[in-house]
Amino acid sequence: EDGDSGSDGGGGETTNGIKSGLKIAFLPKQVNNPYFTSAGTGGKAAVGEFKGTYSETGPSEASPSAQVSYINTLSQQDTDVIVVSANDKDAICGALTEAKSGGTKVVTFDSDTKPECRDVFVNQATADGIAKSQIKLISEAVGAEGGKIAILSATANATNQNAWIEKMKTELAKPEYSKLQLVATVYGDDNDQKSFQEAQGLLAKYPDLKGIISPTTVGIAAAARYLQGSTYKGKVALTGLGTPNQMRAFVKDGTCKAFALWNPEELGYLAAYAAGALASGTITGKQGDKFTAGKLGEYTVGANGEVLLGDPTTFDASNIDKFNF
Amino acid sequence: MTAPTGVVHRFFVVRELGIGLALVLLVAVTAIVTPRFLSAQSIKDLLLGSTILAVLAVGQAIVVITRNVDLSVGSVLGLSAFATGTLFVNAPGTPIPVAILVGMALGAVCGLVNGVLIAAARVPALVVTLGTLYAFRGLDYTWATGRQINAADMPPAFLRMGTATVLGIPVLALFAVVVLVVAGYYLRTFRSGRELYAIGSEPAAARLSGIPVGKRVFTAFVVSGMLAGLAGVLHAARFGTIDANAGLGQELDVVAAVVVGGVAIFGGSGSVYGAALGAVLLTTIGAALPVLGVNPFWQRAAVGALILAAIALDKVLSARIAARLRVRRARRA
Amino acid sequence: MRRSAWDIAVVVALLLFVVVAGQTIDGFGTARFWRFVALEVVPVAVIALPLALVVITGEIDLSVASVVGLTCTVFGKLWAVGVTSLPLLIVACLVLGAVLGAVNGVFVTVFGLPSLAVTIGTLALYRGLAYVVLGDKAVADYPVSWTSNAIAPIPGLTIPWMVLVVLAVAVVLGVVLHATPIGRGLYAIGNNDEASAFAGIRVARTKFWLFVLTGAMSALAGVFWTFRFASARADNATGLELAVVAAVLLGGVSIFGGRGGLVGVLAAVVLLATMRNALQLADVPANTLTIVTGTLLIASVVGPNLVTLTRDGLRRRRTKALALKGASP
Amino acid sequence: MEPSGALLALRAVQKSFGAVAALRDGRLDLYPGEAHALVGENGAGKSTLVRILAGVHPPDAGTMTLDGRPLVLTGPADARAAGIAVIYQEPTLFPDLSVAENIFIGRQPQRSWKRIDTAAMRRRADELFARLGVRLDPDRPARGLSIADQQLVEIAKALSFDARILVMDEPTAALSGVEVERLFAVTRSLRDAGAAVLFISHRFDEVFALCQRITVMRDGAWVSTDRTEETSVDGVVRRMVGREISALFPRVEHVVGDTAVDTAIEVRHLTSAGVFDDVSFTVRAGEIVALAGLVGAGRSEVVRAMFGVDRYDSGEVLVAGRRLPPGRPDAAIAAGLALVPEDRRQQGLVMDLSVERNATLVRRWKLSRFGLLGFGAERRSAQTWTQRLQVKAERLGNDVSTLSGGNQQKVVLAKWLATEPSVLIVDEPTRGIDVGTKAEVHRLLSEQAARGVAVLMVSSELPEVLGMADRVLVMHEGRLVGDIPRESADEESVMFAATGSTS
Ligand SMILES: Nc1ncnc2c1ncn2[C@@H]1O[C@H](COP(=O)(O)OP(=O)(O)OP(=O)(O)O)[C@@H](O)[C@H]1O
Ligand SMILES: Nc1ncnc2c1ncn2[C@@H]1O[C@H](COP(=O)(O)OP(=O)(O)OP(=O)(O)O)[C@@H](O)[C@H]1O
Ligand SMILES: [Mg+2]
Ligand SMILES: [Mg+2]
């Protein structure tokens with residue numbers, strides 16, 4: 001069930017149409033982020049399945065310039081595929097292009113670059129899908145009478161965050177959400193402490209705030225911590241994107257009714273398979289290419305070389321104990 | 001008392017007064033715009049927000065008074081916070097006081113490393129602590145390797161400490177108050193405390209006066225480390241979620257708080273009270289700006305501008321006092 | 001005397017590292033490797049060299065990275081609103097950098113405030129203004145010719161031509177520092193600014209212009225940054241100040257002023273970049289690199305001191321023994 | 001010399017700094033109830049010996065005994081514990097601490113729980129100042145004290161120890177006659193109470209007035225120790241320098257310029273609030289004018305303002321008829337002014353720079369060619385002038401901080417004389433300088449005047465003022481109160497004006 005298996009030069013046997021012995025390097029936004037640790041776990045499992053060499057490297061802070069330095073290193077090491085979550089959609093383009101000219105393939109996941117700088121983007125969810133689910137969740141949590149809501153984002157420059165926020169605004173313009181009023185967007189910089197203080201600032205400024213959306217794992221946990229310890233607990237609704245382990249306590253004590261996330265391990269797993277397929281020539285990144293991602297099944301490359309993981313999962317008290325990441 | 005004494009005395013009081021005044025002004029303006037700024041919850045948040053910075057600032061002030069600086073406090077805080085979390089993960093039954101002691105001890109060990117290098121190897125503190133800023137953070141990263149410790153991993157009693165209040169005052173803030181009062185009283189009333197000022201004022205003279213300069217500076221760094229360790233524990237209790245990035249970049253805030261609080265960056269003068277006030281002022285600025293409706297993109301710039309304004313104001317005040325001192329010559333024929 | 005000894009020590013350390021790494025690390029020392037190292041060296045060196053002069057006069061400028069950030073965003077903003085003349089853009093940025101440096105200079109020399117405190121303030125202020133200028137946007141649609149020319153190699157080599165700019169800056173500043181009356185004045189100021197004033201040196205004015213120079217050079221680094229990453233964002237070069245200060249100190253410039261030289265500073269910048277790249281090639285994780293950087297910085301000051309101290313210590317112990325022996329009979 | 005009976009004895013003490021043998025054979029016996037003078041040229045090793053006694057430097061070789069028992073000092077704290085109190089040549093105060101704390105640092109009176117008793121500390125400081133007969137506020141910070149006041153605080157500190165051994169390294173260099181008298185009275189009472197006093201000074205009248213024994217050192221080695229009544233100034237000086245010294249104050253005859261034409265510098269109504277008030281005077285080319293007054297009269301402030309280091313509120317300074325821009329020492333230098341400042345460590349020299357860099361700092365632009373400085377030019381120029389002033393330095397490339405106090409002062413002089421100024425202002429030019437060099441400095445000043453340089457000399461030493469000056473200006477509390485021509489200047493007339501007595 002492999003597509004048109006193109007180049008087959010050298011490498012021995014294949015798994016799912018993927019050559020063995022591929023050098024696949026994961027380059028997260030930063031190495032000290034639990035979210036990427038999970039993604040890495042998935043990636044490593046996948047690379048193991050098709051008998052490649054997995055490595056993970058990256059800067060200790062999420063800055064594009066530091067990432068460039070790692071891209072340079074990886075291209076010098078003749079890595080077959082760089083699987084990167086971009087800190088900036090433009091800033092790392094030059095380095096990626098230079099790497100590609102040396103024969104390295106590039107897969108982006110989680111956060112994309114400009115399409116021409118990479119071969120495939122493994123998207124965790126479409127911006128549309130995320131925006132829709134977030135607005136739906138907050139609307140349910142706030143209740144019928146609506147009210148003021150605010151967004152607690154990551155850094156002001158995060159590409160994916162800003163795309164989602166734009167879509168959320170479009171979504172809010174729809175008549176069914178006319179009672180919800182977005183009053184502020186603040187930035188916690190994906191720093192726990194800063195996010196915490198921003199949440200606190202929001203409530204000091206808008207005492208009648210009804211809900212907070214924090215579409216970032218660091219932000220939602222910080223906001224939950226703040227609400228839990230304040231008099232606003234239960235009065236201010238919270239939703240966003242978070243990991244079940246982080247949010248379990250808050251879901252159970254009612255600080256947060258429901259939130260969403262894709263499974264980062266699956267995201268990494270899929271990205272690794274996409275990388276393998278790309279390096280083996282199974283896919284080239286053009287629309288319609290198909291490949292099999294191990295236990296996740298078959299995926300098709302969509303427009304702009306995007307591969308979509310699927311819809312995010314919504315976690316609430318009923319299902320949260322079934323997940324562990 | 002004689003007239004000059006009054007002037008001199010006022011001089012020392014006035015430094016803290018200036019910052020206090022700025023603080024009152026800021027709170028007043030904000031409260032007029034948004035009365036809720038003075039609600040119980042909001043005041044509690046302000047106090048909580050200042051606590052960690054204030055504890056760090058007290059330690060930093062002690063170091064800066066000796067004409068040194070400790071840039072590693074943010075990294076020490078990170079290590080200690082992660083250690084506290086790990087301790088609870090591995091030994092869930094650990095009593096809270098033990099956790100506090102462990103955090104402080106770890107911080108003290110980090111301070112000891114700084115202190116040994118600075119006092120024994122006699123190298124500039126700025127370079128050494130810039131080095132340990134990297135080194136301790138690197139250790140923290142290596143230890144955590146992308147793990148995160150969540151609220152669920154820590155005992156509820158510990159987390160409750162992070163939000164609980166006594167008579168409306170957060171428990172964490174009480175820690176800061178105790179630290180502040182003890183440090184302030186010590187620096188003022190004990191020989192070794194005064195010697196810290198002497199060392200910062202003129203290190204060479206301190207040596208000639210038989211002051212054990214190395215030992216005192218060493219102690220200052222151990223204390224600063226220990227307080228950073230305590231701040232790490234408080235951080236864990238307050239934020240509940242800890243990854244390896246806790247306290248990242250905090251050193252600049254701390255130094256800013258100390259400087260804004262009127263502690264001379266070249267040592268010898270200033271007080272821990274001023275430093276703590278500086279911490280409260282900075283936190284309040286951070287909290288007041290969103291409340292005042294300042295665009296988030298303007299906030300950072302406003303903080304910078306306020307730091308500049310605070311040190312400039314302090315300078316103007318002290319220059320005025322100095323001029324007065326000069327005119328009233330202490331010694332008259 | 002001691003100063004040049006340290007310069008030599010850093011250069012030797014660099015050479016030693018190159019030799020050892022060349023033997024042990026795969027892919028080290030290729031033309032491509034040096035190209036990447038050079039690209040990293042350029043912005044750091046362009047700032048570190050003038051900053052070294054500031055530190056030699058006993059001051060410091062922590063706002064350099066924020067100046068980079070702010071010039072990047074202003075560059076981007078101007079481009080976005082339709083300024084398309086490259087020379088105009090560059091000049092505008094350099095002037096802006098000079099003005100930002102002058103603000104630091106005024107606070108330090110006219111108001112007499114400590115530079116460490118002032119530049120912590122402007123570090124926040126300038127970064128904040130960068131956010132004010134571009135907010136959460138990034139400007140990235142520059143002509144490809146601009147961005148590729150900025151990092152183009154010297155014909156026939158892989159090393160980017162910007163390295164020549166760095167060398168020119170190094171030579172000019174090096175000559176000024178080490179072989180002109182101005183340089184003599186800088187060392188004098190760093191050691192004792194009161195005595196320097198009594199010798200007719202215009203202390204405040206000199207420091208002021210050094211801050212201006214550092215600001216302008218940071219702006220130059222900002223322009224390079226914008227091109228190299230083809231992206232103007234408010235958070236560009238965040239945290240770069242620590243890397244630059246680390247290089248200056250590792251280069252042997254005394255944080256208390258009055259001591260140090262530019263050879264050491266340049267060697268230190270190259271050493272740090274080479275080491276980081278080499279260790280990355282050797283798959284040393286970023287977290288360990290952080291520790292290595294810190295340890296190296298500490299070693300750079302502890303090493304020389306330890307030698308002198310143990311020598312003194314030994315002598316003292318011997319003396320004490322002698323004194324006791326001499327006294328007992 | 002038998003150590004028997006000596007409270008403190010030093011034998012064959014040696015100390016080298018790198019290649020410099022500062023002390024080759026230090027020898028000393030101090031007896032209780034006796035004041036002992038230590039004299040020698042600049043760089044003879046006196047201060048080095050003091051620092052060894054104080055535990056600052058460990059000796060390289062030799063023995064020290066206290067009460068006949070070997071004494072090993074590992075630091076200043078040990079010396080204190082052994083009952084040795086030291087006043088260093090250069091004041092070592094903490095500018096940010098109060099005067100009282102400066103005196104008692106590390107030994108503050110305590111109350112319960114080892115807390116500092118501030119009131120008692122202040123009281124005891126007041127008592128000490130009363131003993132010294134000075135009025136200083138114990139609560140003011142030490143920052144901004146004049147050198148004289150600083151020295152008085154140092155003296156108060158040493159007194160507060162009730163030490164068995166009191167070491168004073170040139171304590172009187174910055175003091176005026178009255179203060180010196182008070183100091184001597186206090187020292188005598190200490191001595192009579194059984195303390196041993198070591199007194200270092202370049203002023204022989206003081207040495208002979210206070211001390212019972214005189215030890216002479218030369219080139220780091222002991223030369224002689226005599227009872228005061230068995231020796232004479234001439235004898236001591238001969239042993240110090242190893243040759244005969246001709247007259248002190250040798251005035252080279254020179255023609256004083258004609259008032260109408262040759263006014264070199266004119267000060268008009270110079271005022272700085274609270275410091276000095278409406279000061280006007282002129283100095284003509286070829287004239288030596290002394291600016292006399294009690295310590296604290298504001299003389300240094302006036303000359304600093306003239307030179308442009310300090311700002312002033314009103315008035316003007318004219319050099320050769322042209323107005324100097326205020327606050328611009330570089331302009332003053334360009335106009336031909338030179339200022340040898342009062343505090344050589346803080347103002348005169350950059351201590352961590354080499355001798356040659358210091359000596360050529362002012363002329364670095366002149367020595368450069370096309371804006372570049374060759375090494376040769378600086379060294380040659382430095383060599384010429386340091387040789388003329390007989391600076392004792394191991395190498396011109398060594399840090400100036402390694403020179404003895406007197407030699408440092410010579411470097412400052414060399415630096416300014418080399419600029420060939422038309423107006424030379426010297427503030428306490430011979431403070432801390434030995435007799436030989438002092439004569440040399442005086443000769444140099446006269447020589448400068450003879451060549452047409454206008455010399456303005458601030459000095460607290462009356463013999464120097466009277467011996468050198470063509471005209472004596474007297475200041476009192478920030479005002480010019482006297483302008484006495486050489487003919488009528490004598491001790492009485494100058495002191496009369498300086499103390500502000502109205503006639
Ligand atoms: N730290 C040092 N390093 C190098 N040389 C030194 C140091 N201290 C003193 N010397 C040298 O030792 C010699 C003796 O100096 P010392 O200060 O003891 O002289 P002194 O007798 O006190 O002179 P003065 O009367 O000028 O104060 C001088 O040649 C001086 O240059
Ligand atoms: N920065 C300052 N702050 C306060 N008082 C000062 C300051 N500088 C000087 N004074 C006071 O001003 C007076 C003048 O001191 P100054 O030393 O200039 O006098 P002087 O006549 O030059 O004496 P000397 O002979 O010691 O040089 C002194 O009483 C001193 O205490
Ligand atoms: Mg001496
Ligand atoms: Mg004077």
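Heavy atoms only: backbone and side chains are in, while hydrogens, waters and symmetry mates are out. Sequence lines set the chain letters: A, B, ... in the order given, protein chains first and strands last, and positions in each chain run from 1.
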Sorted by chain and number, sequence neighbours left out, salt bridge (Lys or Arg N to Asp or Glu O under 4.0 Å) with C:K77 holds for none
In short, C:C72 meets C:R233 closest at the heavy-atom pair CB-O, 4.5 Å
* To do: Show your working on side-chain hydrogen bond (donor to acceptor under 3.5 Å, both in side chains) between A:D189 and A:T155 and close with a plain yes or no.
  => CA-CA 4 Å; A:D189 291 348; A:T155 60; 5.6 Å; no
So C:F28 and C:W34, would you call those rings parallel, tilted or perpendicular, with 30° and 60° as cut-offs?
perpendicular
Among A:D88, A:V68, A:N162, the residue with the most heavy-atom pairs under 4.5 Å to chain C is A:D88
Of all heavy-atom pairs linking C:V83 and C:W79, the shortest is O-CE3, 3.4 Å
Q) Between A:K194 and A:E198, does at least one N-O distance fall below 4.0 Å, as a salt bridge requires? A) yes
Turns out that what part of A:S65 lies under 4.5 Å from chain C's heavy atoms comes down to both
With chain A, the option among C:D26, C:N277, C:T238, C:D283 that has the most non-hydrogen atom pairs under 4.5 Å is C:D283
Listed by number, the residues in residues 92-112 of chain A that come under 4.5 Å of chain C (heavy atom to heavy atom) are A:E98
Whatever's closer than 4.5 Å to a heavy atom in chain A on C:L134 counts as neither
- Query: Can a donor-acceptor pair be found between the side chains of C:T119 and C:D61 at a distance below 3.5 Å?
  - Reply: no
Under a 4.5 Å heavy-atom criterion, the part of residues 69-79 of chain A in contact with chain C comprises A:S69, A:Y70, A:N72, A:T73, A:S75, A:Q76, A:Q77
In short, C:G97 meets C:V67 closest at the heavy-atom pair CA-CG1, 4.3 Å
Okay, C:D235 and chain A: the region with an atom under 4.5 Å from a heavy atom over there is both
Bottom line for C:F33: the part with an atom under 4.5 Å from chain A's heavy atoms is both
_Side chains of A:S38 and A:E265 only: does a donor on one sit below 3.5 Å from an acceptor on the other?_
no
Heavy-atom nearest pair, A:I220 first then A:L241, reads CG2-O, 3.2 Å
A:K167 and A:A131 have their tightest heavy-atom pair at CB-CB, 3.4 Å
So, the part of C:T147 with a heavy atom under 4.5 Å from chain A: the answer is neither
If one checks every heavy atom of A:S63 against chain C at 4.5 Å, the contacting part turns out to be neither
Salt bridge (Lys or Arg N to Asp or Glu O under 4.0 Å) pairs touching residues 40-52 of chain C, sequence neighbours excluded, are C:E40-C:R276
* To do: For residues C:Y126 and C:Y131, establish whether the separation of their ring centroids is below 6.0 Å.
  => no
